[in-house]
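Here is the structure we will look at.
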Amino acid sequence: MTELKNDRYLRALLKQDVDKTPVWMMRQAGRYLPEYKEVRAQAGDFMSLCRNADLACEVTLQPLRRFDLDAAILFSDILTIPDAMGLGLYFAEGEGPKLKRPITCKKDVDNLIMPDPEGELQYVMNAVRTIRRELKGAVPLIGFAGSPWTLATYMVEGGSSKAFTKIKKMAFCEPQLLHTLLDKLADSVIDYLNAQIAAGAQSVMVFDTWGGVLSPRDYKDFSLQYMTKIVDGLQRTYEGKKIPVTLFTKNGGQWLEAIADTGCDAIGLDWTIDMASAKARVGDRVVLQGNMDPSMLYASPERIREEVATILASFGKGGGHVFNLGHGIHLDVPPENAKVFVDAVHELSPQYHL
């Protein structure tokens, strides 16, 4: 494989010295870019875009042409695993993801297909291989998956939810059934991410989007336990290179110490926790990723730069910080504001790496 021209992101995750703080954005390939909308229209629908390796590669590379980003992230969706398990993923206009056959009982869990990453999910691996080749070593490629708890919320609710009543009813009335589902999902995520690593992903991330809707006890039982299993099951080195693992629980700031105990390399932070406070709590046990409010990208260039400066100062001197938004970039953010953000990180951070 081609040697990396810019390894700043991987060096930061490995707690090595960097010249400036690396930066990338969650959902950096997506609907806020007009060129993405053109490719999406060409594909016909979202899943057709994901299943076409050349088009998935094209939208992965689009933000790198606009912005001086330090990493690319695979263009895909966290719900590829539930879809491959036989639940029938589709996207309703203006409503987000839906599943045709949600989980309602033990029989549904028992009948789940355990997908083969190079079978039902081969289109994802083809995209990873294509993107890695076309990057030509410019920046590292991040692979990802949803956490078992987050995947289960969609699988039981049948789509997005605000109150999570169905999944919580299962958790509190049939906990063993939910644990069986979560265990299957953890095994599938391990296989899926290890296959992404073999296909060319140089770092992987687990998105626990809905872990923050749980109580502390339930978070550890139904979410963190299974992310720990994933961390333990991942191939942490490949072809002599370490593969860093990042865990991100939205609204998970109260559990930073427990997340660090999983053995992950980095913790993603949303914007509801102060960076200095997070660093004080976990020390140098893990790298911290984050954590600007995505809505800050609606602000003036001056205000965006001010916020970047504040977060950099909050983390302070030394390595161990990957700058990112606290969640995905919003679809109506002006691309020029995203450029202000990325450029500000690179311009303002060298003073912290002397």
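Values in this document were obtained by computation on a predicted structure and should not be read as measured data. Just so you know, residue 1 is the first one in the sequence shown, and it goes up from there. All heavy atoms count here, side chains included; hydrogens, waters and symmetry mates do not.
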Do Phe248 and Lys250 pass the side chain to side chain contact (heavy atoms under 4.5 Å, CB included) test, and can you show the C-alpha distance, the side-chain angles, and the key distance before you say yes or no?
CA-CA 6 Å; Phe248 171 66; Lys250 189 181 179 194; 4.1 Å; yes

Could you walk me through whether Arg129 and Glu118 pass salt bridge (Lys or Arg N to Asp or Glu O under 4.0 Å), step by step?
CA-CA 12 Å; Arg129 285 185 277 265; Glu118 290 288 359; 2.9 Å; yes

Under the salt bridge (Lys or Arg N to Asp or Glu O under 4.0 Å) criterion, do Arg65 and Glu58 qualify, and how do the steps go?
CA-CA 11 Å; Arg65 297 179 191 131; Glu58 167 60 22; 2.8 Å; yes

Go through Asp83 and Arg51 one step at a time and tell me if the salt bridge (Lys or Arg N to Asp or Glu O under 4.0 Å) criterion holds.
CA-CA 12 Å; Asp83 184 49; Arg51 290 191 173 100; 2.7 Å; yes

For Met227 and Val206, what are the C-alpha separation, side-chain angles and deciding distance, and is it a side chain to side chain contact (heavy atoms under 4.5 Å, CB included)?
CA-CA 8 Å; Met227 289 198 288; Val206 178; 4.0 Å; yes

Between Glu35 and Arg66, is a salt bridge (Lys or Arg N to Asp or Glu O under 4.0 Å) present by the stated rule, with each step listed?
CA-CA 11 Å; Glu35 56 267 40; Arg66 278 184 178 259; 2.7 Å; yes

Verify side chain to side chain contact (heavy atoms under 4.5 Å, CB included) between Ile167 and Trp149, making sure each step is shown before the conclusion.
CA-CA 9 Å; Ile167 186 81; Trp149 165 258; 3.6 Å; yes

As a quick check of understanding, evaluate side chain to side chain contact (heavy atoms under 4.5 Å, CB included) for Leu177 and Val109, giving each step before the final call.
CA-CA 8 Å; Leu177 177 59; Val109 174; 3.6 Å; yes

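Hydrophobic clustering (side-chain heavy atoms under 4.5 Å, transitive across Ile, Leu, Val, Met, Phe, Trp, Tyr) keeps Tyr90 apart from Ile78. Under the 4.5 Å side-chain heavy-atom criterion for Ile, Leu, Val, Met, Phe, Trp and Tyr, Ile329 and Trp271 are members of distinct hydrophobic clusters. Using a 4.5 Å cut-off between side-chain heavy atoms of Ile, Leu, Val, Met, Phe, Trp and Tyr, with links allowed through other members, Tyr238 and Tyr9 fall into the same hydrophobic cluster. In the hydrophobic cluster analysis, where Ile, Leu, Val, Met, Phe, Trp and Tyr join through side-chain heavy atoms closer than 4.5 angstrom, Val18 is grouped apart from Val287. Note on Leu331 and Ile304: separate hydrophobic clusters, where clusters join Ile, Leu, Val, Met, Phe, Trp and Tyr whose side-chain heavy atoms are under 4.5 Å apart, directly or indirectly.
A donor-acceptor distance shorter than 3.5 angstrom exists from the side chain of Asp70 to the backbone of Val23, with no hydrogens or angles considered. With hydrogens and angles ignored, the 3.5 Å screen pairs no side-chain donor or acceptor of Ser48 with any backbone N or O of Gly44. In this structure, His321 contributes its side chain and Gly290 its backbone to a donor-acceptor pair below 3.5 Å. For the pair Thr150 (side chain) and Gly146 (backbone), a donor-acceptor distance under 3.5 Å is absent. Under a 3.5 Å cut-off, the side chain of Gln351 and the backbone N or O of Leu348 do form a donor-acceptor pair. Asn126 places no side-chain N or O within donor-acceptor distance of the main-chain N or O of Ala53, the cut-off being under 3.5 Å. With Lys339 contributing its side chain and Asp68 its backbone, the two residues share no donor-acceptor pair below 3.5 Å. A donor-acceptor contact shorter than 3.5 Å links the side chain of Lys168 to the backbone of Val213. Asn337 places a side-chain N or O within 3.5 Å of a backbone atom of Ala299 that can act as its donor or acceptor partner. A donor-acceptor contact shorter than 3.5 Å is absent between the side chain of Glu120 and the backbone of Ala84.
Annotation: the span from Leu151 atom CG to Met155 atom CE amounts to 7.0 Å, rounded to 0.5 Å. For the atom pair CD1 of Ile243 and OG1 of Thr237, the computed distance is 7.5 Å after rounding to the nearest 0.5 Å. Here the OG-CD distance, from Ser160 to Glu157, works out to 9.5 Å after rounding to the nearest 0.5 Å. If you take CZ on Phe144 and CE on Met205, they are separated by 10.0 Å, rounding to the nearest 0.5 Å. Annotation: the span from Ile259 atom CD1 to Gln254 atom CD amounts to 9.5 Å, rounded to 0.5 Å. Rounding to the nearest 0.5 Å gives a distance of 5.0 Å between CZ of Phe341 and CE of Met292.
If you run side chain to side chain donor-acceptor pair (under 3.5 Å) between His353 and each of Thr21, Asp17, Asp19, only Thr21 comes through.
Heavy atoms of other residues, nucleotides or ligands lying less than 6.0 angstrom from NZ of Lys107 number 12 at most. Heavy atoms from other residues, nucleotides or ligands lying under 6.0 Å from CZ of Arg31 number 12 at most. For Asp332, the CG atom sits in a packed shell: over 12 heavy atoms of surrounding residues, nucleotides or ligands are nearer than 6.0 Å. Annotation for Lys162: atom NZ does not count as buried by contact number, only 12 or fewer foreign heavy atoms lying within 6.0 Å.
No side-chain heavy atom of Ile73 sits under 4.5 Å from any side-chain heavy atom of Thr60. With contacts defined as side-chain heavy-atom distances shorter than 4.5 Å, the pair Ser188/Met114 qualifies. Counting heavy atoms from C-beta on, the side chains of Ile142 and Val204 never come closer than 4.5 Å. For the pair Gln28/Leu69, a side-chain contact is recorded, criterion being any heavy-atom separation below 4.5 Å from C-beta on. Side-chain atoms of Pro140 and Ser203, non-hydrogen and from C-beta on, never get closer than 4.5 Å to each other. Side-chain contact between Lys20 and Arg8: present, with at least one pair of heavy atoms (C-beta onward) separated by less than 4.5 Å. The shortest distance between side-chain heavy atoms of Trp210 and Thr249 does not fall below 4.5 Å. Residues Arg303 and Glu307 meet the side-chain proximity criterion, which asks for heavy atoms closer than 4.5 Å.
Ion pair Asp187/Lys229 flagged as a salt bridge, since at least one NZ, NE, NH1 or NH2 atom sits closer than 4.0 Å to an Asp/Glu carboxylate oxygen. Ionic pairing of Glu38 and Arg40 is not present here: no N-O contact between side-chain nitrogen and carboxylate oxygen is shorter than 4.0 angstrom. Using a 4.0 Å cut-off between charged side-chain N and carboxylate O, Arg101 and Asp108 make no salt bridge. Using a 4.0 Å cut-off between a side-chain N of Lys or Arg and a carboxylate O of Asp or Glu, Asp265 and Lys242 qualify as a salt bridge. Arg305 has no carboxylate O lying under 4.0 Å from a charged side-chain N of Glu302, or vice versa, which leaves the two without a salt bridge.
Phe315 has its ring centre no less than 6.0 Å from the ring centre of Tyr352. Separation of the Phe75 and Phe46 ring centroids falls under the 6.0 Å cut-off.
For the pair Gln196 and Gly143, the tightest heavy-atom approach, listed with the atom from each and the gap, is OE1-CA, 3.0 Å. Residue Asp208 comes nearest to Ser223 through the heavy atom pair OD2-OG, 2.9 Å, listed as atom of the first residue, atom of the second, then distance.
Using modelled atom types and a 3.5 Å distance limit, the side chains of Tyr192 and Thr80 yield a donor-acceptor pair. Between Tyr298 and His330, the side chains place no donor N or O within less than 3.5 Å of an acceptor N or O (distance only, hydrogens not considered).
Applying the side chain to side chain donor-acceptor pair (under 3.5 Å) test to residues at least two apart or on different chains, the pairs with a partner in residues 280-291 are Trp24-Gln289, Glu257-Arg281, Asp261-Arg285.
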